[in-house]
Asker: 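Below are the structure tokens for one structure; questions will follow.
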Amino acid sequence: MSNQKPSLPKGTRDFGPIQMARRNYIFDTIKKTFKLFGYEQIETPAMENLSVLTGKYGDEGDQLLFKILNSGDFMSKADSSDLNSNTLLPQIAEKGLRYDLTVPFARYVVMNRHEINFPFKRFQIQPVWRADRPQKGRYREFYQCDADVVGTDSLLCEAEIVLMINRVFADLMITDYSIKINNRKILSGIAETIGAPGQEGPLCVAIDKLDKIGQEKVNEELIQRGFSTSSVEKLAPIYDLKGDKETVINSLKTYLQDSEIGLKGLEELEEVFQLVKDFGLSEDHIAFEPTLARGLSYYTGAIFEVKVAHVSIGSVSGGGRYDNLTGVFGMEGVSGVGFSFGVDRIYDVMDELALFQNIQLEGTQVLITTFDEPSYRYGLQVLATLRGAGIAAELFPEAGAKMKKQMNYGDKKQIPFVCIIGSEEVAQQKLTFKNMSTGEQQLLTPTEIIRMLT
RNA sequence: GUGAUUGUAGCUCAGCUGGUUAGAGCGCUGGUUUGUGGAUCCAGAGGUCGCGGGUUCGAACCCCGUCCUUCACCCCA
């Protein structure tokens, strides 16, 4: 017998019965909404060939991939004369754990292009793994709930994403949140306008910190990142964008008047807002964030991010449009748009907001307790009858165990009703039916009990 | 990857400038109650003080390393 202490890998967690009930509640809510909007579920393997995963998430993303060691004597095939991690890795690991659900989906689309009915609306709920350093709201294994549409440019998809987020949050009773929307083309337009075309990436990383570090520091960082003084000066009007959506959009129209792509982005954005409005959704939770950037390099159009107010958790959902995700796998010209709910973070948010008290566990309804062997035999019959009527029931598995032990078990499991069986009950073919919250009990037949509970 | 931070009973935590047998509350087990859970009272079990090394007559406490926790940066769900 070894006596080593068991432990869990960093950033992973077990989920007990209560946690699972809550997680499933979130999963079910999201799944229900996806289906309501016409999305079909798929799954892909936990592991992919490393060639599918690498190079899709930038250099930093590649660092965060979990690699799987080849089976067998992997060292014998490796060239030991060249021992550094960059050259050794491809020789000893050819598989990795999936980092997100979008890239595996792109692979799926390319591999199944002839069977897929486009536009293809798919959802996928599976864990992903990232070799990040864990911290608040950040895990190394977590679930994403993705919904994507590929094969159409229609901005209705963008609008529906807003609708789905709205619906899910309403169902989960999360009321104070903000769906931040921007468009990559607007960012490109800004970069163009300040004379730094194609630099929107670094531009946004810096601007994004405006709230945190202030305008001066942002400018410093921009210079540091190689932007010219004149570019930084031209950027000034962006900091002054204030007011409601319409005002901001109009100001940007003037600012971006010489940028074709920038104006296109604004046009798309307005169309999405219009579609949401036409659907009849209030715009309370939607905000245009001209500085929202998002790191993933493949976004080309709309960008989304959702933040819940008054909690210390980062974004709980994010996504956007990518014009050519399948291109790297040799299938050009397929546009897609999608987003993802982070269940683990939604859980943390709901926990922090104490929203779980509203949901109740759907566990065992009736526990049957017995005093002796004959009542245990009768209990089995009752058990079958109750279950036959669709009532979740269980018989305490030890015949005639101490009543205190049996009742305690039911109490801790929060089972609302207990049927007590002793010699009197067996003789009368009835049960002492006890309500555990009020303590009331009465002598009833199984049929009467079923009538009460259904 | 960079910089901090934490670790004592199942859980939450005390434990003085280093000094005998490391404590509390909650929880757990048994009893109070041989046909009844939650409350009261009584009794009991449970700890290589994260792990490894060092300093010391003596280490939960000081030093080094390591792992884990948590947090910030980066990035993200």
Side-chain angles (χ1 to χ4, degrees), chain A residues 3-13 16 26 30 57-64 85 99-102 125-146 165 201-202 204-206 208-209 212-213 221 292-297 303-308 312-320 338-349 367-372 375 396 400-426 431-441 443:
Chain A
N3 61 345
Q4 57 170 308
K5 280 184 188 166
S7 65
L8 237 34
K10 201 196 276 276
T12 67
R13 297 140 313 147
I26 300 171
I30 291 169
Y57 310 104
D59 290 343
E60 279 166 353
D62 285 353
Q63 298 295 316
L64 299 179
S85 45
Y99 179 87
D100 72 355
L101 300 179
T102 309
I125 298 176
Q126 289 188 273
V128 302
W129 294 269
R130 297 182 187 177
D132 233 350
R133 239 199 238 189
Q135 52 179 281
K136 185 156 201 168
R138 172 171 303 185
Y139 307 100
R140 285 184 146 181
E141 177 184 61
F142 62 97
Y143 271 74
Q144 289 193 326
C145 306
D146 267 41
I165 293 172
C204 291
V205 170
D208 201 40
K209 296 177 186 162
K212 276 189 198 167
I213 62 177
E221 185 166 336
L292 174 65
R294 295 193 57 77
L296 288 179
S297 44
I303 312 169
F304 304 93
E305 193 164 291
V306 183
K307 176 85 180 69
V308 179
S312 53
I313 314 287
S315 65
V316 293
S317 176
F339 77 112
S340 180
F341 284 113
V343 172
D344 305 82
R345 283 189 178 177
I346 291 176
Y347 184 103
D348 290 343
V349 163
L367 172 71
I368 301 169
T369 63
T370 59
F371 280 107
D372 49 27
S375 52
F396 194 85
K402 282 199 174 143
M403 193 46 61
K404 178 171 178 141
K405 186 178 178 185
Q406 302 190 58
M407 297 294 277
N408 244 322
Y409 171 81
D411 190 40
K412 282 189 184 145
K413 215 168 159 181
Q414 291 181 51
I415 298 173
F417 303 103
V418 171
C419 285
I420 301 162
I421 304 178
S423 51
E424 292 170 29
E425 286 83 358
V426 175
L431 308 150
T432 296
F433 183 69
K434 174 164 180 150
N435 180 324
M436 290 292 273
S437 54
T438 64
E440 290 167 31
Q441 54 188 57
L443 202 60

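For the numbers below, each heavy atom of this structure counts, side chains included, while hydrogens, waters and symmetry mates do not. Residue numbers start from 1 in every chain, and the chains themselves are labelled A, B, ... in the order their sequence lines are given, proteins ahead of strands.
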Asker: Taking atom CD of A/Gln414 as the centre, report whether more than 12 heavy atoms of other residues, nucleotides or ligands fall under 6.0 Å from it.
Answerer: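 Open.
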Asker: Of the options B/rA77, B/rU36, B/rU2, whose atoms approach the side-chain atoms of A/Arg130 most closely?
Answerer: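 Side chain of A/Arg130 sits closest to B/rA77.
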Asker: At their closest point, which heavy atom of A/Leu292 faces which heavy atom of A/Phe304, and how far apart are they?
Answerer: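 Taking every non-hydrogen atom into account, CD2-C, 4.2 Å.
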Asker: Side-chain donor-acceptor pair under 3.5 Å between A/Glu305 and A/Ser317, yes or no?
Answerer: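 Result is no, nothing qualifies.
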Asker: For atom C1', what is the distance between B/rU69 and B/rA4, given to the nearest Å?
Answerer: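 It works out to 13 Å between them.
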Asker: Could you list the protein-to-nucleotides 5-9 of chain B atom pairs, N/O on both sides, closer than 3.5 Å?
Answerer:
none

Asker: Check if the side chain of A/Glu425 and the base of B/rG35 share a donor-acceptor pair of N or O atoms closer than 3.5 Å.
Answerer: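 Flag set: donor-acceptor pair detected.
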Asker: Which pairs, with at least one residue in residues 408-424 of chain A and sequence neighbours excluded, count as a salt bridge (Lys or Arg N to Asp or Glu O under 4.0 Å)?
Answerer: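 Only A/Glu394-A/Lys413 qualify under salt bridge (Lys or Arg N to Asp or Glu O under 4.0 Å).
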Asker: Considering only the P atoms, how many Å lie between B/rC71 and B/rC13, rounded to the nearest integer?
Answerer: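 These two P atoms come out 14 Å apart once rounded.
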Asker: Only Watson-Crick and G-U wobble pairs, only distances under 3.5 Å, only runs of 3 or more: what stems does that leave for RNA chain B?
Answerer: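 Looking at RNA chain B, the stems formed by three or more consecutive pairs are B:1-4 with B:70-73, B:10-13 with B:23-26, B:28-31 with B:41-44, B:50-54 with B:62-66.
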Asker: Expressed in angstrom and rounded to an integer, what is the separation of A/Ile303 atom CD1 from B/rC76 atom P?
Answerer: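 Those two atoms, CD1 and P, are 11 Å apart.
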Asker: Mind listing the closest non-hydrogen atom pair of A/Phe396 and A/Leu367 along with its distance?
Answerer: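 Minimum heavy-atom contact is N-CD1, 4.0 Å.
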Asker: If you measure from the C1' atom in B/rG47 to the same atom in B/rC28, how many Å do you get, rounded?
Answerer: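 Looking at atom C1' only, B/rG47 and B/rC28 are 15 Å apart.
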Asker: Given B/rU36, B/rC73, B/rC75, which nucleotide is nearest the side-chain atoms of A/Gln135?
Answerer: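 It is B/rC73.
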Asker: Per the salt bridge (Lys or Arg N to Asp or Glu O under 4.0 Å) rule, what does the pair list look like for residues 128-139 of chain A, sequence neighbours excluded?
Answerer: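 Residue pairs passing salt bridge (Lys or Arg N to Asp or Glu O under 4.0 Å), neighbours aside: A/Asp132-A/Arg138.
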Asker: Nearest heavy-atom pair of A/Ile368 and A/Gln406: which atoms, and what distance?
Answerer: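 In terms of heavy atoms, the two residues are closest at O-OE1, 4.4 Å.
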Asker: If you only use heavy atoms from C-beta on, which nucleotide in B/rA77, B/rU36, B/rC73 is closest to the side chain of A/Gln144?
Answerer: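 Selected nucleotide: B/rA77.
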Asker: Which one, B/rA77, B/rG1, B/rG35, comes nearest to the side chain of A/Glu424?
Answerer: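 So the side chain of A/Glu424 is nearest to B/rG35.
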Asker: Would A/Tyr347 and A/Ile26 count as a side chain to side chain contact (heavy atoms under 4.5 Å, CB included) here? Give the steps.
Answerer: CA-CA 8 Å; A/Tyr347 184 103; A/Ile26 300 171; 4.1 Å; yes
Asker: Round to a whole Å and report the spacing from CZ of A/Phe396 to C1' of B/rG35.
Answerer: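 From A/Phe396 CZ to B/rG35 C1': 16 Å.
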Asker: Return the value, rounded to whole Å, for the distance between atom CZ of A/Phe371 and atom P of B/rG35.
Answerer: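 Going from CZ in A/Phe371 over to P in B/rG35 covers 6 Å.
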Asker: Using the side-chain heavy atoms of A/Glu60, tell me which of these nucleotides is nearest: B/rG38, B/rC75, B/rU2.
Answerer: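 Looking only at heavy atoms from C-beta outward on A/Glu60, the closest nucleotide is B/rC75.
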Asker: Find which nucleotide of RNA chain B each of A/Pro134 and A/Gly314 is nearest to by heavy atoms, and output the residue with the more 5' nucleotide.
Answerer: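 The residue closer to the strand's 5' end, by nearest nucleotide, is A/Pro134.
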Asker: Between the protein and nucleotides 27-33 of chain B, list the N/O to N/O atom pairs that are separated by less than 3.5 angstrom.
Answerer:
{"residue": "B/rC28", "atom": "OP1", "partner": "A/Lys412", "partner atom": "NZ", "Å": "2.7"}
{"residue": "B/rG31", "atom": "OP1", "partner": "A/Lys402", "partner atom": "NZ", "Å": "2.8"}
{"residue": "B/rU32", "atom": "O4", "partner": "A/Lys404", "partner atom": "NZ", "Å": "3.4"}

Asker: Between B/rC51 and B/rA59, how many Å separate the two C1' atoms, rounded to a whole number?
Answerer: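 These two C1' atoms come out 16 Å apart once rounded.
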Asker: Please walk me through it: do A/Lys434 and A/Phe417 pass side chain to side chain contact (heavy atoms under 4.5 Å, CB included)?
Answerer: CA-CA 6 Å; A/Lys434 174 164 180 150; A/Phe417 303 103; over 6 Å; no
Asker: Measure up the A/Tyr57 and A/Tyr99 rings against each other and bin them: parallel (under 30°), tilted (30 to 60°), perpendicular (over 60°).
Answerer: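 The rings of A/Tyr57 and A/Tyr99 sit tilted, inter-plane angle from 30° to 60°.
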Asker: Looking only at atom P, what distance separates B/rC61 and B/rG54, rounded to whole Å?
Answerer: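 Straight-line distance between the two P atoms is 14 Å.
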Asker: Look at the side chain of A/Arg345 and decide which nucleotide, out of B/rC76, B/rG3, B/rG35, has an atom nearest to it.
Answerer: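 For the A/Arg345 side chain, the nearest candidate turns out to be B/rC76.
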Asker: Could you tell me whether A/Tyr409 contacts a base, only the sugar-phosphate backbone, or nothing, with contacts defined as non-hydrogen atoms closer than 4.0 Å?
Answerer: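 It contacts nothing in the nucleic acid.
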Asker: Round to the nearest Å and state the distance from A/Glu305 atom CD to B/rC76 atom C1'.
Answerer: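 So the CD-C1' distance, A/Glu305 to B/rC76, works out to 9 Å.
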Asker: Can you tell me, in whole Å, how much space there is between the P of B/rA43 and that of B/rC26?
Answerer: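 Straight-line distance between the two P atoms is 14 Å.
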Asker: Given 3.5 Å as the limit, does a donor-acceptor pair link the side chain of A/Gln63 with the main chain of A/Glu60, or not?
Answerer: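 It does not hold such a pair.
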Asker: Return the value, rounded to whole Å, for the distance between atom CG of A/Asp348 and atom P of B/rC76.
Answerer: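 Rounded to whole Å, this separation is 19 Å.
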Asker: What nucleotide among B/rG35, B/rG1, B/rA77 has an atom nearest to a side-chain atom of A/Thr432?
Answerer: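 So the nucleotide nearest the side chain must be B/rG35.
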Asker: Whole Å only: how far is the CZ atom of A/Arg133 from the P atom of B/rU69?
Answerer: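 Between P of B/rU69 and CZ of A/Arg133: 11 Å.
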Asker: Might you point out which heavy atoms bring A/Thr370 and A/Gly400 nearest each other, and give the distance in Å?
Answerer: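 Reported closest heavy-atom pair: OG1-N, 3.2 Å.
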Asker: In whole angstrom, give the distance that lies between atom CD of A/Gln126 and atom P of B/rA77.
Answerer: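 So the two atoms are 17 Å apart, to the nearest Å.
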Asker: What heavy-atom pair brings A/Lys307 and A/Ile313 nearest, and what distance separates the two atoms?
Answerer: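 Here A/Lys307 and A/Ile313 meet closest at NZ-O, 3.1 Å.
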Asker: Just to be sure I understand the geometry, which residues of residues 433-441 of chain A put a non-hydrogen atom under 4.0 Å away from RNA chain B?
Answerer: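 Residues of residues 433-441 of chain A under 4.0 Å from RNA chain B: A/Lys434, A/Met436, A/Ser437, A/Gly439, A/Gln441.
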Asker: Looking across every strand, which nucleic acid part, if any, lies under 4.0 Å from A/Gly318 by heavy atom: base, sugar-phosphate, or nothing?
Answerer: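 Sugar-phosphate contact only.
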Asker: If you pin A/Lys136 and A/Phe341 to their nearest nucleotides in RNA chain B, which one's is more 5'?
Answerer: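 Looking at RNA chain B, the more 5' nearest nucleotide goes with A/Lys136.
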Asker: Using the C1' atom as the reference point in each nucleotide, state the distance between B/rG18 and B/rA60 in Å, no decimals.
Answerer: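 After rounding to an integer number of Å, I get 10 Å for this pair.
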Asker: Separation of A/Lys307 atom NZ from B/rA77 atom P, in whole Å?
Answerer: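 Whole-Å distance recorded here is 14 Å.
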Asker: Applying side chain to side chain contact (heavy atoms under 4.5 Å, CB included), run through A/Ile125 and A/Tyr143 and close with a yes or a no.
Answerer: CA-CA 7 Å; A/Ile125 298 176; A/Tyr143 271 74; 4.2 Å; yes
Asker: Which value, in whole Å, describes the distance between the P atoms of nucleotides B/rG31 and B/rG38?
Answerer: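 B/rG31 and B/rG38 have their P atoms separated by 13 Å.
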Asker: Where is the tightest heavy-atom contact between A/Gln144 and A/Ser340, given as atom of each residue plus distance?
Answerer: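 Shortest heavy-atom contact: CB-OG, 3.4 Å.
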Asker: Can a side-chain donor-acceptor contact be found between A/Asp372 and A/Ser423 if the only test is distance below 3.5 angstrom?
Answerer: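 No, A/Asp372 and A/Ser423 have no side-chain donor paired with an acceptor closer than 3.5 Å.
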